[in-house]
Amino acid sequence: MKVFLDEQRHLVTIPYDRATLHAAAKILGLKRCWFRPRPYPHYDLPKRWCQDWGLKLDEQLLNLDCAGISYYWVSPREIVKICKGERTS
C-alpha cells in the first residue's frame, strides 16, 4: 500500500479503493468523519488538527513504515490523477 498526501491536506492511497483508504486512516488515527466520499473518496485532514498534531504526523507516518507501507508527499494534481485512475503506482 502507498499513502499520498498533498499540501491541501488530502490523503489517498494506492491501491485506490475505500478499504485500503480506511485501513491507512486507521493506522494514522484519522477520524472517520474526515472521510469524503465525493467526488473522489479521500480523507481531508483539518488544518487545526494538522497544526495541533505537528510533528506527531511524522511519527504516525513512521508507523506506516513499520507496517511496510510507503508514503509520499505529492501535488494536488497528483492526488487527482490517483483518484481518476491515471496513476496506479
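Starting from 1, each residue takes its place in the sequence as its number.
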I'd like to know whether F4 forms a side chain to side chain contact (heavy atoms under 4.5 Å, CB included) with I14, so could you lay out the CA-CA distance, the side-chain angles of the two residues, the decisive distance to 0.1 Å, and finally the verdict.
CA-CA 8 Å; F4 296 84; I14 291 180; 3.6 Å; yes
For a side chain to side chain contact (heavy atoms under 4.5 Å, CB included) check, start with the C-alpha distance between L5 and L45, then their side-chain angles and the critical distance, and finish with the verdict.
CA-CA 10 Å; L5 300 153; L45 306 180; 4.0 Å; yes
Could you check D44 against H10 for side chain to side chain contact (heavy atoms under 4.5 Å, CB included), going step by step and ending with a plain yes or no?
CA-CA 5 Å; D44 280 342; H10 298 121; 2.8 Å; yes
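Of all heavy-atom pairs spanning L21 and T13, the tightest one is N-OG1, 3.5 Å. The shortest heavy-atom contact between R9 and P46 is NE-C, 3.7 Å.
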Sequence neighbours left out, cut at 3.5 Å: what donor-acceptor pairs do the side chains of residues 77-89 make with other protein atoms?
| residue | atom | partner | partner atom | Å |
| --- | --- | --- | --- | --- |
| E78 | OE1 | R87 | NH1 | 2.8 |
| R87 | NE | S89 | O | 2.8 |

For residues 28-41, please give each side-chain donor-acceptor pair under 3.5 Å, one per line with the distance, not counting sequence neighbours.
| residue | atom | partner | partner atom | Å |
| --- | --- | --- | --- | --- |
| R32 | NH2 | H22 | NE2 | 3.2 |
| R36 | NH1 | C33 | O | 2.8 |

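Residue V3 is not grouped with residue Y16 when hydrophobic side chains (ILVMFWY) are merged at heavy-atom distances under 4.5 angstrom, including chains of intermediate members. M1 and Y72 sit in two unconnected hydrophobic clusters of ILVMFWY residues. Membership requires side-chain heavy atoms under 4.5 Å apart, directly or through other members.
Distance CD/Q8 to OG/S75: 9.5 Å, rounded to 0.5 Å. Taking NZ of K2 as the reference point, atom OH of Y71 lies at 14.5 Å (rounded to 0.5 Å).
Legend: salt bridge (Lys or Arg N to Asp or Glu O under 4.0 Å) pairs involving residues 15-30, not counting sequence neighbours: none detected.
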